[in-house]
Engineer: 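Take this structure first; my questions come after.
All values below come from the heavy atoms of this structure, side chains included, with hydrogens, waters and symmetry mates left out. A, B, ... follow the sequence lines: proteins, then strands. Residue 1 opens every chain.
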There are 6 protein chains.
Amino acid sequence: MLEELFLRGAIDAFLAEDLGTPGDLTSAAIFGPHEMARAEFVAQEAMIAAGLARVAAQVFVRVNPAISFTAVEDGRSVAAGETVLTLAGPVLDLLKAERVALNLAQRLAGIATLTHRFVEQVRPLPVAIVDTRKTTPGLRALEKYAVRVGGGRNHRFSLSDGVMIKDNHLAAAGSIARAVSMVRAAIPHTLRIEVEADTLVQVRECLDCGVDIILLDNMDCHTLRQAVEMGQGRALLEASGGIRLDNVRQVAETGVDLISIGALTHSAPSCDISMRLLG
Amino acid sequence: MLEELFLRGAIDAFLAEDLGTPGDLTSAAIFGPHEMARAEFVAQEAMIAAGLARVAAQVFVRVNPAISFTAVEDGRSVAAGETVLTLAGPVLDLLKAERVALNLAQRLAGIATLTHRFVEQVRPLPVAIVDTRKTTPGLRALEKYAVRVGGGRNHRFSLSDGVMIKDNHLAAAGSIARAVSMVRAAIPHTLRIEVEADTLVQVRECLDCGVDIILLDNMDCHTLRQAVEMGQGRALLEASGGIRLDNVRQVAETGVDLISIGALTHSAPSCDISMRLLG
Amino acid sequence: MLEELFLRGAIDAFLAEDLGTPGDLTSAAIFGPHEMARAEFVAQEAMIAAGLARVAAQVFVRVNPAISFTAVEDGRSVAAGETVLTLAGPVLDLLKAERVALNLAQRLAGIATLTHRFVEQVRPLPVAIVDTRKTTPGLRALEKYAVRVGGGRNHRFSLSDGVMIKDNHLAAAGSIARAVSMVRAAIPHTLRIEVEADTLVQVRECLDCGVDIILLDNMDCHTLRQAVEMGQGRALLEASGGIRLDNVRQVAETGVDLISIGALTHSAPSCDISMRLLG
Amino acid sequence: MLEELFLRGAIDAFLAEDLGTPGDLTSAAIFGPHEMARAEFVAQEAMIAAGLARVAAQVFVRVNPAISFTAVEDGRSVAAGETVLTLAGPVLDLLKAERVALNLAQRLAGIATLTHRFVEQVRPLPVAIVDTRKTTPGLRALEKYAVRVGGGRNHRFSLSDGVMIKDNHLAAAGSIARAVSMVRAAIPHTLRIEVEADTLVQVRECLDCGVDIILLDNMDCHTLRQAVEMGQGRALLEASGGIRLDNVRQVAETGVDLISIGALTHSAPSCDISMRLLG
Amino acid sequence: MLEELFLRGAIDAFLAEDLGTPGDLTSAAIFGPHEMARAEFVAQEAMIAAGLARVAAQVFVRVNPAISFTAVEDGRSVAAGETVLTLAGPVLDLLKAERVALNLAQRLAGIATLTHRFVEQVRPLPVAIVDTRKTTPGLRALEKYAVRVGGGRNHRFSLSDGVMIKDNHLAAAGSIARAVSMVRAAIPHTLRIEVEADTLVQVRECLDCGVDIILLDNMDCHTLRQAVEMGQGRALLEASGGIRLDNVRQVAETGVDLISIGALTHSAPSCDISMRLLG
Amino acid sequence: MLEELFLRGAIDAFLAEDLGTPGDLTSAAIFGPHEMARAEFVAQEAMIAAGLARVAAQVFVRVNPAISFTAVEDGRSVAAGETVLTLAGPVLDLLKAERVALNLAQRLAGIATLTHRFVEQVRPLPVAIVDTRKTTPGLRALEKYAVRVGGGRNHRFSLSDGVMIKDNHLAAAGSIARAVSMVRAAIPHTLRIEVEADTLVQVRECLDCGVDIILLDNMDCHTLRQAVEMGQGRALLEASGGIRLDNVRQVAETGVDLISIGALTHSAPSCDISMRLLG
């Protein structure tokens, strides 16, 4: 569910950004076009590998389709010092792709690793850790892929493939029931409807008009638990707002179905990976 | 030095990513095309503002050139609760641009704020905090702009506008002197040459062949101080590797000219900003 | 729910296709750049207007933002001889946009008009006429917009915003239950799951594992009626295959919720509209 | 004369439209990346095959260059039930390209088949059936290719590669002679000049000033015959307007050289083709 | 007949090439965003002005639509020292567009001026000076426009809007007659057919099979004169090959209709124009 | 240092410009898709070969990756009549790429050859012949590559990778010292600073504030010599303005380090190369 077809154009743009015109001046002055080498991506800290074969290696392949590689599988837990990607090809091409590939691999590993830590916290409760639209502009498909690699699940990818009725919509429509019916009349029947609820009264209204998913926004655990009781499985319940590694377990124990966390994508620190050139 | 000309295409791509086809289904079902509103971006925590008028507001303008706005100046220190951007225009257009604009503003503020904290640590020493090429693919120009807003300086933007001779280049060339002379013969005369040095012996060799900038890679403060003494101003000295908020002051006190820090761009957590829709 | 933001690029490509290099040779040889004129789009047959202000007129605006226009509202029933769009601006620009704008307006009116005829056939039964992915490559968003204008509803826009489990998927998964559970585990929770059923046995299996939508593929009306009885409202039922203007009423009377028709977009003949240049 | 070079970009755009982000959710949940299959396009009705190897198969190849195929030759008359394209490759890639490839193949076959029916009607008279610029925006080169496949000929591809002087141009220039001389002075000498004539008086004027091609617009057969007599081969005569399958023979018998028909491209119903996946 | 619609994209690409990322570093360090200025393009030598309002000024407008300008009309003969374009707007934007606008204006004036010199040489003979496809890749439409500005005429713009049967085609077809009939059967009827002839025997064959235009390739003036006599106006005759300012008059006097000269576009030296910034 | 990665897109655009829609009509009517041939590029005059394998041949490869070739090495001095590029592949594809490939090869050879002539004039003096930003819009990277092939060196590629403080900047800043310090504070430390000096007084000021490179603008040889004496190697000295083949030696003998010449790229006449198709 990471559509490689669309990666090609993005990778070209990333390479153009990093190479500039006329390209890698330093290396072109030193190496000849036919010198071959091997290279390794080495994890400098423990992490969940993400986007090695499908993303980082593709940067090298895009620079030169003749570069060969073997990579650690996405989702594997990797120790500091482990080699996660091995490459072979012309030195000039390996160096050309290095920085872009590392920047991507480090960010994706960072997201997968943070997601994994959240997922571990709530194991084995029947709750999903899900992402949001708070992703890096231009990298949403990749970042949401890293969330899945880390064991999380994806929320909608865009404003087109999911409906979320928020306070502004409710205010304009006049009531939850009316907003839901306006939206239901307009959208493809293939989509569920989600409504953001700030209070238990709103949760009740959502349940009464057959909302599919209820976003429980910034509720404390006590209130979440009441919402769960109220819901009785008639709607998916998604907790959101202020969730951190140190309180996610408590939230999960309230019985909600999903916990959505913007920080998975907007604030995961990059993992440290470096490239080593071999003879 | 943020070239707005080139932002247009990027913003269009970011909007396409977030809107999808057929666009904001929820809002289109609720609001009419002529309903007007005002909106505010409110800082939810203290931060250095970055990219409000020049980036976030431009997302709204790109959606609809008739949207008007006033924004806090980039670089200003903002308190939690302060309004940093005020907008007025059609509700549908405000909602359409919201998420992309917030994602950008939050990330840029995050980078400016982190940079500012580093800059504060070394004040008033005559040393520059500089970024690296460890930026988010697709966002380099914006992220480097945020570094400047936070008081930092920029390193090269691409492999084309700066030369950095690293260990691989040295190994292939045989010596620093030979690597430098190969590079000098090939590049535009408008560029300086930087060499990565791991030891004081290498620093000495760099100085001997007239290198313009020496990257002192992962040296402890004692060694850095020796390099500074050795240099006597004949080359710019740039410390790099393992620099954190809690040790940057010590590094600065060694007398190096520049301290480059990848984390400024690859690991700055986003600042929290939210959009409030007003009547 | 027609995202005009994304029309701009498409219109430019359509104009390039029709103008070629060096452009409208004939008109450039005859008219000066400052000659002004008015023009009218006149319906040559009865039709449902579609895409006049939002699409056809935008072609003219894209050629020259100074062109002004007034248009009949989308969805209005128009008689032969009626003017549906009035334009004013430089003659050269009106002629430059003419063919592309007409080609679009004629096709969209064709789709809206055909959809409207189907919708009229089933009125006032509680059933929706919906489109499919059998659209013209490059024009899906516009064609699906025309379906809505004609009173129809939209099925999914792409393989990303809806799930449809077909016979190949079922064969590979081994059973409906297993296919549904594999899909449910992988997709965003914002999407419903639709399964294609060829027999009542399959309908039963779908109902048993909580499928949201069942596509009743090429069933006769008797079977459709049995499926409706079986369903009792627990899933949306969508009839599909072999539906024409002369049998759609019968299908609708079986009680299905939706009737999907590929011909709405792949075989609607264009409506006849012509442009008249005035003084 | 279908330039495949330019198809690549169009196919990518069509695939992006149909796949969306994150792609084919349903199939990705069911099939593994290494499962192989064969697939067949089967004609569900009699038709003239068009665009199989050069267009539809190229969609598959664009998704995965490793997909192999054999196809019926363009222009062949195919019976209902015949296999027109056989493919082999990874299931996921076959399903990814299916809808776009079918949508194209069905439309092109529709145009070739309709063109062929017109061509059959006028056989063996020395008259060409030609298309117009009333094509689907974005698909002109493909649709004009299908017209050739069906036995028709092409009119100009854009406003740049042919000159057509119409009533508006004549009114502005003052006379046919003056319009022709203005145009002749401005255009490349490689192009012929065509003038639209509504009356025999205009036909006479066209002949008098050496027009290369005369478009006889909406004339009845009697008038067409008079124009042919008047022309005596000094100009190509093109009949246009209101031509249908049931009157094209009569028009052809008047002796005109060309008959242009917009419906070939704007109103040809798609032919029915389906894809069958084999083990 | 210079389609401005398509200039926008090209100008953006030219600006990106000249500005790079992060843009005009020098000026951004010196000037504030609100400083206004006027600027003048001054001809440093006598020339035919070309592409000032329609091309060079558009580069400035693309950088900032608020820049105003007045320009000398294309085709005017300008003396050394004359101001040909006056601009007013923000200094930073004037400097940003300067180099690209000058590079274009200088090249186009160079082509128009050289064309004009050829045209003057043959005045008032009834012969046209025409260009070829030997243009700068990416600039064909602009360069052919400059040829027209200089008083020349255009040959075909691409391989699609003109037919030229050369020796290779003849060899493959077996004879001129057969080549012409193969081509006539395949191309739109809106195009004329041109054949390259190396000998008078070939000229005769061309005339015998009704070729529209004959390219007389590298013939001396005596042979050209014989070809003209042979032709008696039945085909357009185009002389080509080895034509210079010092022999073009003689060629023209042979009576050919057209003289095509590759050097107009591939070897015209740029005219010298400079930009002066005023207070 | 010619980044082939970025050539692909440019070549596609050049081919689209030359082919048009629907492509090479003439050849498609004559040759079948499977006819193979060989072809040769033959130098029609003496020249320095440039861009054969890396540019011209890539046009063919882009049209059809199966086309094979052997080419003369860039920089070799070639005699009239020599074959510089040999190609083998389908005739239709060889003809499709011919004109674009020739247009590029001729221009690049023209630049390399002119550069070479300048370089020969100054040999063996320790001075570099350098280019400017007066390149053809869209072809800068290629043209600067040809300069290197001819033995010249490159000046900055864009406004981003070099700093040039000109009279306007100086006027606004108030003094050279102030302009330099404003610029130094703003730019990456990887760039040198160049200042344009019109007088020896300005040269002195430049030296006093540590400018890296001084552009000696339009100075006569006497003044240049004084500047060299003044400089004593403390800054690179670049002579510019009015330099021709007949005075470059004198300029070089003044002792300047660099001589920059716009004519290298803006006024080099194309070299004559033609393609011969073989059996």
Engineer: Among E:Ser160, E:Gly20, E:Ser158, E:Ala268, who wins on heavy-atom pairs under 4.5 Å with chain F?
Structural biologist: E:Ser160
Engineer: Is F:Arg156 in contact with chain E via its backbone, its side chain, both, or neither, using a 4.5 Å heavy-atom distance?
Structural biologist: side chain
Engineer: As an exercise: rank E:Asp161, E:Val163, E:Asn103 by heavy-atom pairs under 4.5 Å with chain F and give me the winner.
Structural biologist: E:Asn103
Engineer: Between E:Arg184 and chain F, which part of the residue has a heavy atom less than 4.5 Å away: side chain, backbone, both or neither?
Structural biologist: neither
Engineer: Is a donor on one side and an acceptor on the other found under 3.5 Å between the side chain of F:Thr135 and the backbone of F:Glu143?
Structural biologist: no
Engineer: Taking the inter-plane angle between the rings of F:Phe60 and F:Phe41 on a 0 to 90° scale, is it parallel (under 30°), tilted (30 to 60°) or perpendicular (over 60°)?
Structural biologist: perpendicular
Engineer: Once you round to the nearest 0.5 Å, how far does CE of E:Met164 lie from CG of E:Leu215?
Structural biologist: 5.0 Å
Engineer: Name the member of E:Ala172, E:Ala179, E:Ser27 that forms the most heavy-atom pairs with chain F at distances under 4.5 Å.
Structural biologist: E:Ser27
Engineer: Under a 4.5 Å heavy-atom cutoff, which of E:Thr136, E:Leu102, E:Leu95, E:Val183 has the most pairs with chain F?
Structural biologist: E:Thr136
Engineer: Is it the backbone or the side chain of F:Leu191 that comes under 4.5 Å from a heavy atom of chain E, or both, or neither?
Structural biologist: side chain
Engineer: List the atom pairs, with distances to 0.1 Å, where a side-chain N or O of residues 8-19 of chain E and a protein N or O form a donor-acceptor pair under 3.5 Å, not counting sequence neighbours.
Structural biologist:
{"residue": "E:Asp12", "atom": "OD1", "partner": "E:Arg62", "partner atom": "NE", "Å": "2.7"}
{"residue": "E:Asp12", "atom": "OD2", "partner": "E:Arg62", "partner atom": "NE", "Å": "3.4"}
{"residue": "E:Asp12", "atom": "OD2", "partner": "E:Arg62", "partner atom": "NH2", "Å": "2.9"}
{"residue": "E:Glu17", "atom": "OE1", "partner": "F:Gly138", "partner atom": "N", "Å": "3.0"}
{"residue": "E:Glu17", "atom": "OE2", "partner": "F:Gly138", "partner atom": "N", "Å": "3.4"}
{"residue": "E:Glu17", "atom": "OE2", "partner": "F:Leu139", "partner atom": "N", "Å": "3.4"}
{"residue": "E:Glu17", "atom": "OE2", "partner": "F:Arg140", "partner atom": "N", "Å": "2.9"}
{"residue": "E:Asp18", "atom": "OD1", "partner": "F:Arg133", "partner atom": "NE", "Å": "2.9"}
{"residue": "E:Asp18", "atom": "OD1", "partner": "F:Arg133", "partner atom": "NH2", "Å": "3.2"}
{"residue": "E:Asp18", "atom": "OD1", "partner": "F:Arg140", "partner atom": "NH1", "Å": "2.7"}
{"residue": "E:Asp18", "atom": "OD1", "partner": "F:Arg140", "partner atom": "NH2", "Å": "2.9"}
{"residue": "E:Asp18", "atom": "OD2", "partner": "F:Arg133", "partner atom": "NH2", "Å": "2.7"}

Engineer: Considering non-hydrogen atoms only, spot the tightest contact between E:Ala109 and E:Ile273 and give its length.
Structural biologist: CB-CD1, 4.5 Å
Engineer: For residues E:Asp131 and E:Ser260, report the shortest heavy-atom separation together with the two atoms involved.
Structural biologist: O-CB, 4.0 Å
Engineer: Pick whichever of F:Ala37, F:Gly110, F:Pro137 has the most heavy-atom pairs under 4.5 Å with chain E.
Structural biologist: F:Pro137
